[in-house]
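Residues: numbered from 1 along the sequence shown.
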Amino acid sequence: MNLIIEIATLNLLSPLILFFLIGIMATVVNSDLKVPEAFYTGYTMIILFTIGIKGGTQLKQGSFAAMVVTGIAALALCLLMLGLTYFLVKKVFRFSRPDALALAAHYGSVSAVTFVAGLTFLDKMKIEYESFMTAILVVMEGPAIISAIVLYKWLEHKGSGKQAAGLGHAVKEAFFGKSIFLLLGGIFIGLVANEEGLAKIKPLFGDLFYGILCIFLLHMGMIATQSIRQLRGYRIASFLFAFILPLVGGMLGIVVAAKVVGLSLGGAFILGLLTASASYIAAPAAIEDAIPEANPGIYIGSALGLTLPFNLIAGIPFYYWFAQVMQA
């Protein structure tokens, strides 16, 4: 118990979490603090490019065979979370089919911000992890989104040209939307660029990364709180899945990573954290057009307003502790 408290305290006192909490507070007290849209777009690009470049650089020293095995396990975990989410929110929490499939898309996909927060936590703890985990992030982002939309098209609408167009748009958003495109672009740059060239871009895509990420999380705290307000009118008990699913996903991911794939402590923690996370960038962009009957307040409010803060504040120390238990 003392270890869990120590880890949780370390996480809560991280500048990333403190910036996130200040963003929440700013919205709660109705501060006039705002982040310009252009600035938000710019630092989102820097964050995603930096993740990709770092991952691509690390891939040069990684094991391709281990990456493939982990990628297969990660894909299976995504589809498992898709099925678990749909069953839980449709059968237990009684959401409509469109809302259940939209939520399944979000919780079967992953959050890049949660991923970075996890890496930052490991760096603070001085824990190493497999070099290919950024590639696993990319693998886990799109499949559940596409699977949920295909299921929706099959169950709700059969055989119209409009539906095919909608599905094509969803595929584009899931596999070539902003977030995954920037991640893939960064990985490519990290893999092929020479050391001299990478050193020249390090001031922006390296030295400033942590500070930019703190401002991003300040903004995310504000948006998360605003999205929770969209859930007014619903019973709190209706959204318990937003805390159940990350716990189940996190533990499943860690067990698979530690006992099946054989990842290190850091790798098991990251795979568990990814499985526990929920997309709020790629998934909403695809779902809004492909499943228009789904309520954005429900899927964005759950993924961004409830699950993201839970994972950042409480999930990270819990998953790390559980990964330690599984590695013992």
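For Tyr320 and Phe121, the ring centers sit closer than 6.0 Å to each other. Aromatic ring centres of Phe95 and Phe241: separated by under 6.0 Å.
The aromatic rings of Tyr43 and Phe39 sit perpendicular, their planes meeting at an angle over 60°, well past the 30° parallel limit.
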Report the C-alpha separation of Thr27 and Arg229 in whole Å, then their side-chain angles, then the decisive distance to 0.1 Å, and conclude whether the side chain to side chain contact (heavy atoms under 4.5 Å, CB included) test is met.
CA-CA 10 Å; Thr27 304; Arg229 289 177 173 175; 3.8 Å; yes

Set out, in order, the CA-CA distance, both residues' side-chain angles and the distance that settles side chain to side chain contact (heavy atoms under 4.5 Å, CB included) for Leu101 and Ile149, then state yes or no.
CA-CA 7 Å; Leu101 286 169; Ile149 293 167; over 6 Å; no

Side chain to side chain contact (heavy atoms under 4.5 Å, CB included) between Tyr299 and Glu288: does it pass, once the steps are laid out?
CA-CA 10 Å; Tyr299 56 75; Glu288 182 180 9; 4.0 Å; yes

Leu198 and Ile201: side chain to side chain contact (heavy atoms under 4.5 Å, CB included), yes or no, with the steps?
CA-CA 5 Å; Leu198 288 173; Ile201 64 173; 4.2 Å; yes

Determine whether Lys124 and Ser14 satisfy the following criterion, side chain to side chain donor-acceptor pair (under 3.5 Å), listing intermediate values before the conclusion.
CA-CA 9 Å; Lys124 257 189 206 173; Ser14 161; 3.3 Å; yes

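Looking at every heavy atom in both residues, Thr114 comes nearest to Leu312 through CA-CD2, 4.5 Å. Among all heavy-atom pairs drawn from Ile291 and Ala102, the shortest one is CD1-N, 4.3 Å. Of all heavy-atom pairs spanning Ile228 and Gly305, the tightest one is CD1-O, 3.0 Å. What you find for Gly108 and Met81 is that their closest heavy atoms are CA-CB, 4.1 Å. Listed here is the closest heavy atom pair of Val69 and Val261: CG1-CG1, 4.1 Å. Leu79 and Ser147 make their closest contact through CD2-OG, 3.7 Å (heavy atoms, listed as atom of the first residue, atom of the second, distance).
Listed for the Ser277 side chain is a donor-acceptor partner under 3.5 Å among the backbone atoms of Ser111. A donor-acceptor contact shorter than 3.5 Å links the side chain of Thr120 to the backbone of Val116. Under the 3.5 Å distance criterion, the side-chain polar atoms of Asp99 are left unmatched by any main-chain donor or acceptor of Ile298. Judged by distance alone, with hydrogens and angles left aside, the side-chain atoms of Lys259 form a donor-acceptor pair with the main-chain N or O of Met326 at under 3.5 Å. Side-chain atoms of His219 never come within 3.5 Å of backbone atoms of Ile215 as a donor-acceptor pair (strictly under, hydrogens ignored). Side chain of Gln327 to main chain of Phe322: no donor-acceptor pair is present (N/O by atom type, distance under 3.5 Å, no hydrogens or angles). Within the 3.5 Å criterion, the main-chain N or O of His106 finds no donor-acceptor partner in the side chain of Ser109.
Linking Ile, Leu, Val, Met, Phe, Trp and Tyr whenever their side-chain heavy atoms come within less than 4.5 Å puts Leu84 and Val92 in one cluster. Cluster annotation: Ile236 is not connected to Ile300 through the hydrophobic network of ILVMFWY side chains, with a link wherever side-chain heavy atoms come within less than 4.5 Å. By the rule that hydrophobic residues join a cluster once side-chain heavy atoms approach within less than 4.5 Å of another member, Ile136 and Phe188 end up as members of one cluster. Val256 and Val139 fall into different hydrophobic clusters, defined by Ile, Leu, Val, Met, Phe, Trp and Tyr side-chain heavy atoms under 4.5 Å apart, directly or through other members. The hydrophobic cluster containing Val248 also contains Phe310, counting ILVMFWY residues as joined when their side-chain heavy atoms lie under 4.5 angstrom apart, directly or transitively.
Between Arg97 and Tyr86, the closest side-chain pair of non-hydrogen atoms falls below 4.5 Å. Here the side chains of Val89 and Arg94 are not in contact, with every heavy-atom distance at 4.5 Å or above. Using a 4.5 Å heavy-atom cutoff, the side chains of Leu218 and Leu33 are in contact. Using a 4.5 Å heavy-atom threshold, the side chains of Phe49 and Leu204 count as separate. Looking only at side-chain heavy atoms (C-beta outward), Gln324 and Phe269 stay at 4.5 Å or farther from each other. Considering only heavy atoms from C-beta on, Ile270 stays 4.5 Å or farther from Glu130 through its side chain. The side-chain heavy atoms of Pro203 and Leu208, taken from C-beta on, include no pair separated by under 4.5 Å. Contact of the Tyr210 side chain with the Pro15 side chain is registered, since non-hydrogen atoms from C-beta on lie closer than 4.5 Å.
Remark: Tyr319 OH to Leu247 CG distance equals 5.0 Å, nearest 0.5 Å. The CG atom of Leu217 sits 7.5 Å away from the CG atom of Leu308 when rounded to the nearest 0.5 Å. Once rounded to the nearest 0.5 Å, the distance linking CD1 of Ile47 with CG of Leu183 reads 11.0 Å. The CG atom of Leu306 lies 9.5 Å from the CG atom of Leu240; values are rounded to the nearest 0.5 Å. Taking OG from Ser131 and NZ from Lys54, the interatomic distance works out to 11.5 Å, rounded to the nearest 0.5 Å. Here CG of Leu77 is found 11.0 Å from CD1 of Ile254. Values are rounded to the nearest 0.5 Å.
Side chains of Tyr107 and Thr307: a donor-acceptor N/O pair is present below 3.5 angstrom, by distance only. Remark: the Ser279 side chain and the Glu141 side chain contain no N/O donor-acceptor pair separated by less than 3.5 Å.
No more than 12 heavy atoms of other residues, nucleotides or ligands shown are found within 6.0 angstrom of CE on Met45. For Glu128, the CD atom is loosely surrounded, since the number of other residues' heavy atoms within 6.0 Å does not exceed 12.
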